[in-house]
Number of protein chains: 2
Amino acid sequence: MPQNHNIAAALPAPVRRTGRDSPLFVGSLEKGLKIFQAFDDTHRALRLTEIAHATGLDKSAAQRFTHTLYELGYLRKDPKTKHYRLAPKVLELGFAYLRTDTLVERAMPYLLEAAKSSEETVNLTELDGTNVVYVARVPSRHQVTVDVVLGTQLPAYCLASGRAILAFQPAEQARATLERSERVSYTGRTVTAVEPLLTSLNEVRRTGYALCVEEYTPGEISVAAPIFDFARQPIAAVNISVPMARWTLSAVERRLAPIAIETAQAISRAEGGHATLPPLLRNAPPKHRAR
Amino acid sequence: MPQNHNIAAALPAPVRRTGRDSPLFVGSLEKGLKIFQAFDDTHRALRLTEIAHATGLDKSAAQRFTHTLYELGYLRKDPKTKHYRLAPKVLELGFAYLRTDTLVERAMPYLLEAAKSSEETVNLTELDGTNVVYVARVPSRHQVTVDVVLGTQLPAYCLASGRAILAFQPAEQARATLERSERVSYTGRTVTAVEPLLTSLNEVRRTGYALCVEEYTPGEISVAAPIFDFARQPIAAVNISVPMARWTLSAVERRLAPIAIETAQAISRAEGGHATLPPLLRNAPPKHRAR
DNA sequence: TATCTAGTATCGTATTTTAATACAAGTTCG
DNA sequence: CGAACTTGTATTAAAATACGATACTAGATA
């Protein structure tokens with residue numbers, strides 16, 4: 001009987017007990033994690049005031065959370081300059097994920113093979129909300145890039161890997177994701193309207209791979225194919241990105257798209273134990289001719 | 001006037017206002033971070049009760065912190081089984097470190113070169129307390145290992161990389177680190193007593209590299225050389241580990257030790273801008289010899 | 001030397017977390 | 001098949017905890 005009372009009736013939202021307004025939500029933890037986000041490649045060493053500014057915390061809060069992380073070994077401090085830096089211990093946090101993710105270790109051999117046969121950098125990405133996250137990467141000999149790319153989150157709607165995953169989700173789910181994405185035009189060639197995006201997803205379903213030309217990075221062509229879990233849900237994508245300086249669109253479709261598709265299929269099989277493809281993928285080109 | 005009262009006088013420690021007993025220490029943040037540590041390769045999906053048990057938190061606390069991390073996107077939850085998993089977003093945390101660490105990106109080209117000429121896996125490690133942390137790794141063609149090794153913390157006292165760093169620290173500091181290490185014999189060949197360890201550090205100083213044979217991993221030989229920062233402090237190490245099945249001790253010393261040393265020197269130069277070696281590396285004793 | 005600015009320490013207060021408990025939903029066992 | 005678990009979720013009263021204003025210290029600036 002003690003439910004919604006008098007006053008609550010006047011308000012549009014009755015009580016609000018969900019999400020971060022729940023009494024279960026611990027604000028201190030959120031604030032503490034914000035400290036980590038203050039650091040990036042352009043802000044490698046920060047002083048207390050800078051941390052406070054970057055996180056939006058006041059001086060006292062920044063002091064307390066910084067102190068706590070320092071005591072726990074996640075932060076180092078230069079006693080002279082008072083600059084704080086992230087300590088190597090934070091790597092433990094991030095790599096804990098890779099250790100818990102069965103996908104990465106199962107996929108790695110296939111990614112290596114794909115990198116070898118394509119002679120290009122091959123990425124493994126997962127969907128996280130409206131973003132795509134790089135969880136593994138096998139660099140080619142062409143670019144001697146440092147693997148700081150891992151962990152990077154980029155918007156799914158304008159990446160080949162994102163579209164490869166979205167295309168094989170239930171239609172409403174994909175639409176919902178697209179709609180709540182903040183769709184920015186990065187290059188001028190970026191497709192930002194929902195309807196055209198949904199159309200391109202149809203194409204992805206038809207061909208079995210997604211293709212993006214300069215939609216996020218200028219001068220870059222990217223192909224991707226979806227990976228399915230045991231429940232045949234698209235959970236990740238194999239993606240190969242190449243510079244237009246070295247590749248034409250048709251060469252990518254002819255040479256790289258099949259590699260992406262076959263690698264993704266192999267990983268799907270390894271992941272779920274299914275020897276056959278998910279039905280959705282059938283129409284495409286692969287080895288066993290469809291229908 | 002309202003200071004130390006009656007009862008306090010009886011206690012040996014007056015007030016205690018340091019470390020995690022400081023009023024600045026936010027316990028909630030510590031507890032929240034414990035949640036992450038509950039997950040590893042053998043505990044990939046956990047239920048609430050299991051998290052509570054693994055972290056030592058009670059049910060309510062586990063519920064609150066889990067809920068918070070879930071809302072923030074660091075945790076995923078299977079609505080059916082109620083299993084929690086780490087979300088890819090945690091990668092952002094860990095890789096934030098690599099992006100802030102200038103060492104990694106500067107070292108990478110040299111590590112690649114070393115991997116090429118040695119045809120073995122080359123690691124870059126940093127010291128964090130009594131442990132060594134793997135911050136970069138260039139795999140050879142021999143072992144197709146997944147790079148879950150990154151971020152791993154291993155005890156410095158029994159690793160070549162750890163000894164390479166400790167050997168060039170001020171003597172008391174090295175001794176202190178060794179003494180507070182929990183020195184376990186992993187293989188039977190592990191040196192655990194402080195005095196012999198200090199003796200081996202002398203040898204490292206003399207030769208410029210550290211060599212460990214089966215001290216942590218059975219069947220493995222490991223060489224390492226120290227990297228110095230602009231202040232000529234040893235901050236990291238280049239390390240090459242190889243199986244005894246393919247390598248003899250003398251071959252490692254003859255072929256790999258020079259590569260480790262030269263790579264480490266090149267990185268030291270790149271790091272601090274010094275064209276010459278730190279004097280410490282020359283043969284042994286530090287500039288001001290102590291008593 | 002005076003005046004900043006930034007880091008550190010203190011402390012009363014009330015906001016937040018806490019932990020006990022009640023409730024719901026699903027499992028196991030007699 | 002229902003009783004007695006176990007486990008997840010929601011609610012609360014109580015107080016411990018985190019808060020943030022402020023004072024203090026030290027170094028930089030002018």
Side-chain angles (χ1 to χ4, degrees), chain A residues 1-5 8 13-35 38 43 45-72 75-85, chain B residues 1-5 8 13-35 38 43 45-72 75-85:
Chain A
M1 72 214 38
Q3 276 179 331
N4 291 345
H5 290 316
V15 179
R16 275 196 187 180
R17 49 188 184 185
T18 176
R20 64 185 59 193
D21 289 329
S22 159
L24 294 171
F25 190 83
V26 180
S28 303
L29 179 51
E30 180 181 34
K31 290 176 197 160
L33 290 170
K34 271 190 181 171
I35 302 284
H43 303 276
L46 296 171
R47 286 176 309 174
L48 191 56
T49 315
E50 297 171 315
I51 292 175
H53 187 260
T55 55
L57 301 173
D58 61 55
K59 193 167 118 178
S60 290
Q63 182 188 13
R64 273 179 285 111
F65 291 111
T66 297
H67 170 86
T68 304
L69 292 177
Y70 176 78
E71 287 296 328
L72 294 174
L75 247 38
R76 282 176 175 172
K77 185 183 185 177
D78 186 316
K80 269 205 110 62
T81 65
K82 313 290 184 186
H83 280 23
Y84 288 92
R85 290 177 162 278
Chain B
M1 62 190 72
Q3 278 182 329
N4 291 345
H5 291 315
V15 180
R16 274 196 187 181
R17 52 188 183 185
T18 177
R20 64 186 58 192
D21 290 328
S22 159
L24 295 171
F25 190 83
V26 180
S28 304
L29 180 52
E30 181 182 32
K31 290 176 196 160
L33 289 170
K34 271 190 182 174
I35 302 285
H43 304 276
L46 295 171
R47 286 176 309 176
L48 190 56
T49 315
E50 296 171 316
I51 292 175
H53 188 261
T55 55
L57 301 173
D58 61 57
K59 194 168 118 178
S60 290
Q63 181 188 14
R64 275 179 286 109
F65 292 112
T66 297
H67 171 86
T68 305
L69 292 177
Y70 175 79
E71 286 297 327
L72 294 175
L75 246 38
R76 282 174 175 173
K77 185 185 189 175
D78 185 317
K80 268 205 111 61
T81 65
K82 313 291 185 184
H83 279 24
Y84 288 92
R85 288 178 163 277

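Because the structure is predicted, anything quoted here is derived from the model rather than measured. Each chain gets a letter, A, B and so on, in the order the sequences are listed, and its residues count up from 1.
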Item to complete: Check DNA chain C against residues 46-54 of chain A and give the residues with a non-hydrogen atom under 4.0 Å, in numerical order.
Response: A:Arg47, A:Leu48, A:Thr49
Response to the item:
Residues at least two apart in sequence or cross-chain that pass side chain to side chain donor-acceptor pair (under 3.5 Å) with A:Glu30, listed by chain then number, are A:Arg20
Item to complete: Can you tell me the distance, in whole Å, between the NE2 atom of A:His67 and the P atom of C:dT10?
Response: 12 Å
Worksheet, complete the sentence: Among the nucleotides C:dT17, C:dT8, D:dG8, whichever has the atom closest to the side chain of B:Lys82 is D:dG8
Worksheet, complete the sentence: When rounded to whole Å, the OH to P distance for the pair B:Tyr70 and D:dA10 reads 12 Å
Practice prompt. Report yes if some heavy atom in the side chain of A:Thr68 is under 4.5 Å from a heavy atom in the side chain of A:Leu75; otherwise report no.
Written response: no
Practice prompt. Compare side-chain N and O positions of A:Ser28 against OP1 and OP2 of C:dT17 and report whether any pair is under 4.0 Å apart.
Written response: yes
Worksheet item: Just how far, in rounded Å, is P of C:dT17 from NZ of B:Lys31?
Response: 11 Å
Fill in: Distance in angstrom units between A:Phe65 CZ and D:dG20 C1', rounded
12 Å
Discussion item. Working to the nearest 0.5 angstrom, can you tell me the gap between A:Phe65 CZ and A:Leu29 CG?
Written reply: 9.0 Å
Practice prompt. Mind checking side chain to side chain donor-acceptor pair (under 3.5 Å) for A:Lys77 and listing every partner two or more places apart, or none if nothing turns up?
Written response: A:Tyr84
Practice prompt. With DNA chain D as reference, determine whether A:Gly27 or A:Leu24 sits nearer its 5' end, using the nearest nucleotide of each.
Written response: A:Leu24
Which pairs of donor and acceptor atoms, one on a side chain in residues 52-62 of chain B, lie under 3.5 Å apart (sequence neighbours left out)?
residue: B:Thr55; atom: OG1; partner: B:Ile51; partner atom: O; Å: 2.7
residue: B:Thr55; atom: OG1; partner: B:Ala52; partner atom: O; Å: 3.3
residue: B:Thr55; atom: OG1; partner: B:Leu57; partner atom: N; Å: 3.3
residue: B:Asp58; atom: OD1; partner: B:Ser60; partner atom: N; Å: 2.9
residue: B:Asp58; atom: OD1; partner: B:Ala61; partner atom: N; Å: 2.8

Fill in: Minimum-distance pair of heavy atoms, taken over all atoms of A:Ser22 and B:His67
CB-NE2, 3.7 Å
Could you list all N or O pairs between the protein and nucleotides 21-24 of chain D that sit under 3.5 Å apart?
residue: D:dA21; atom: N7; partner: A:Ser60; partner atom: OG; Å: 3.4
residue: D:dA21; atom: N6; partner: A:Ser60; partner atom: OG; Å: 3.4

Worksheet item: If every non-hydrogen atom of B:Arg47 is compared with every non-hydrogen atom of B:His83, which pair is closest and at what distance?
Response: CG-ND1, 3.1 Å
Response to the item:
Sorted by chain and residue number, the side chain to side chain contact (heavy atoms under 4.5 Å, CB included) partners of A:Arg85 (sequence neighbours excluded) come out as A:Arg44, A:Ala45
Worksheet item: Whole Å only: how far is the CG atom of A:Leu75 from the P atom of C:dG7?
Response: 13 Å
Item to complete: Identify whether any heavy atom of B:Lys77 sits under 4.0 Å from a base atom; if not, whether one sits that close to sugar-phosphate; answer base, sugar-phosphate or nothing.
Response: sugar-phosphate
Discussion item. Quick check: do B:Gln63 and A:Leu24 have side-chain heavy atoms less than 4.5 Å from each other?
Written reply: yes
Fill in: Distance in angstrom units between B:His83 NE2 and D:dT7 P, rounded
12 Å
Fill in: Between C:dT16 (P) and A:Glu30 (CD): distance, integer Å
13 Å
